[in-house]
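To start, the structure itself, in structure tokens.
Nothing here was measured: the structure is a model prediction, and the numbers come from that model.
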Protein chains: 2
Amino acid sequence: MPASPLLPSLDSPHRRKGEQTAERILDAAEALFAERGYAGTSLRDVAARVELRIPSLYNHFPSKDALYAAVLARGIGPVLELLAGFAAAPSESRDAGAVIERVMAILRRHRNLPKLIQHETLAGGPRLTPMLREWIAPVFGRAGEMAETAPGAGRWAPEQLPLVVIAVYNVLVGFFTFAPLYQALNGDDLLTDARLDHQTRILREVVAALFPEVPIER
Amino acid sequence: MPASPLLPSLDSPHRRKGEQTAERILDAAEALFAERGYAGTSLRDVAARVELRIPSLYNHFPSKDALYAAVLARGIGPVLELLAGFAAAPSESRDAGAVIERVMAILRRHRNLPKLIQHETLAGGPRLTPMLREWIAPVFGRAGEMAETAPGAGRWAPEQLPLVVIAVYNVLVGFFTFAPLYQALNGDDLLTDARLDHQTRILREVVAALFPEVPIER
DNA sequence: GAATAGAACTAACGCTCGTTAGTTTTTTCG
DNA sequence: CGAAAAAACTAACGAGCGTTAGTTCTATTC
């Protein structure tokens with residue numbers, strides 16, 4: 001595996017032109033897949049958005065399917081790394097509240113991600129499942145231990161804990177995906193910085209209510 | 001407006017054949033729209049599922065769009081009625097916990113509904129929004145009053161309350177839509193009766209934690 | 001600066017899509 | 001039963017889809 005010359009950083013202008021184009025394609029495709037789903041997005045739309053002809057896309061991705069997989073991998077990678085780190089950490093240094101805030105921060109920065117994830121979830125996660133298996137497998141392997149040592153272990157039975165975790169996940173992701181509908185209904189934009197701060201604070205309180213051991217810091 | 005003869009009940013076998021077919025089409029379309037979304041569902045799939053040729057669908061619905069709208073209206077109507085009733089009730093007889101359990105019961109019976117709603121939400125709710133406006137308008141009209149008299153008014157500021165309601169909504173709907181992915185990951189089916197009872201109970205506890213006034217009954 | 005590889009292009013393919021026209025069969029009702 | 005209406009059918013349409021072949025232009029490298 002040859003090292004690239006002079007180690008050009010990811011956003012360096014010295015990168016090969018092709019890689020820049022590939023990234024622009026990923027950006028466009030991500031926005032469209034998030035907004036309209038896989039079936040609702042055509043390569044024509046993607047090509048138009050990056051101001052290319054359709055066949056040029058095939059110089060960077062071998063198929064629509066592969067493009068979608070690349071979008072998903074790029075988008076979801078950081079979250080999986082974060083969660084894997086959380087799962088691998090020793091019990092006493094596992095701070096659920098902190099992890100939730102960090103996920104929230106990622107979703108704030110990467111606004112396409114929630115819709116992308118939910119579209120994939122609704123499709124049954126055919127591409128997400130293998131990725132989750134690879135990264136999250138350790139979590140299920142240590143599920144028993146984690147259930148006992150997790151925050152809130154005193155309050156929730158081991159059987160209940162996954163359901164509570166799923167609930168928190170849904171609150172986190174659903175807030176972003178529901179926001180546009182909310183805005184269409186009553187005009188309020190929930191995704192402003194101020195509102196997002198608010199939501200983060202509420203999330204903390206809810207998590208605190210669910211896991212009594214997690215201290216509330218403001 | 002002529003009354004139908006002998007007032008045939010909705011599931012009576014004496015109904016006109018055409019209406020039966022229309023309902024079978026709605027059933028098939030609902031399942032497919034829920035599973036694959038609007039763009040991912042073709043009229044060919046729908047026709048095949050009801051064992052008809054495609055043009056026959058047009059004897060009952062004028063377009064794919066109209067079929068989708070009919071599916072959505074039929075599916076979401078009962079929930080909107082329930083919520084409208086809740087919103088119209090006087091403050092003192094408004095029991096958030098009870099309404100949540102009744103919504104949960106509807107979703108349990110009508111398994112396509114959560115995915116249908118989330119697909120529509122992800123699409124920005126172009127068809128859901130008008131329906132919600134019509135049924136839910138009173139809620140926003142009395143939003144100020146409700147914020148003051150709602151359960152949990154003591155705990156949550158008026159600004160926070162909508163966010164908390166959205167969170168509960170997401171937990172409710174997201175549980176059903178996330179279940180298939182969860183099953184793909186570790187084999188457990190969350191949608192068995194026993195698990196659903198469990199989830200309902202947890203939901204009660206969570207709501208109790210969020211709205212201290214709502215008593216926990218088991 | 002010439003050779004080479006990469007990335008853009010034009011043109012067109014086979015297929016599926018939603019929809020329509022026109023015809024035949026089935027159901028409804030006096 | 002017989003007429004009329006409803007609902008099924010066959011056939012075909014134009015448009016859009018993902019994808020491929022083949023060509024021209026452009027960036028990379030010695």
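- At C:dA7, none of the side-chain N or O atoms of A:Thr21 fall inside 4.0 Å of OP1 or OP2 (strictly under the cut-off).
- Scored by the salt bridge (charged side-chain N to carboxylate O under 4.0 Å, His left out) test, A:Asp65 finds A:Arg127 as partners (sequence neighbours excluded).
- A straight line from CD1 of A:Ile25 to P of D:dG18 spans 14 Å, rounded to a whole angstrom.
- OP1 or OP2 of C:dA8 has at least one side-chain nitrogen or oxygen of A:His60 nearer than 4.0 Å.
- Between the CD atom of A:Gln20 and the C1' atom of D:dA27 there is a distance of 12 Å, rounded to whole Å.
- Remark: C1' of C:dA7 and CD of A:Glu19 are 13 Å apart, rounded to the nearest angstrom.
- What separates CZ of A:Arg24 from P of C:dA7 is a distance of 13 Å, to the nearest Å.
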Practice item. Determine, for nucleotides 9-24 of chain C in 5'-to-3' order, which nucleotides have protein heavy atoms under 4.0 Å from the base (write B), from only the sugar-phosphate (write S), or from neither (write -). Key: BBB-----BBBB----

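- Axis angle across the helix from C:dG1-D:dC30 to C:dG30-D:dC1, with five pairs used at each end and values rounded to 10°: 30°.
- Under the rule for a salt bridge (charged side-chain N to carboxylate O under 4.0 Å, His left out), the partners of B:Arg195 that lie at least two apart in sequence or sit in another chain are B:Asp188.
- Contacts of A:Glu30 classified as salt bridge (charged side-chain N to carboxylate O under 4.0 Å, His left out), with partners at least two apart in sequence or in another chain: A:Arg74.
- Sorted by first and then second residue, the pairs that involve residues 163-177 of chain A and meet side chain to side chain donor-acceptor pair (under 3.5 Å), not counting sequence neighbours, are A:Gln118-A:Thr177.
- A:Ala105 meets the side chain to side chain contact (heavy atoms under 4.5 Å, CB included) test with A:Arg109; sequence neighbours excluded.
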Name every donor-acceptor pair, under 3.5 Å, that has one atom in a side chain of residues 49-57 of chain A and the other anywhere in the protein, sequence neighbours excluded.
none

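- The stretch residues 169-181 of chain A participates, sequence neighbours left out, in no salt bridge (Lys or Arg N to Asp or Glu O under 4.0 Å) pair at all.
- A donor-acceptor pair is defined here as one N or O able to donate and one able to accept, closer than 3.5 Å; such a pair exists between the side chain of B:Lys64 and the backbone of B:Tyr38.
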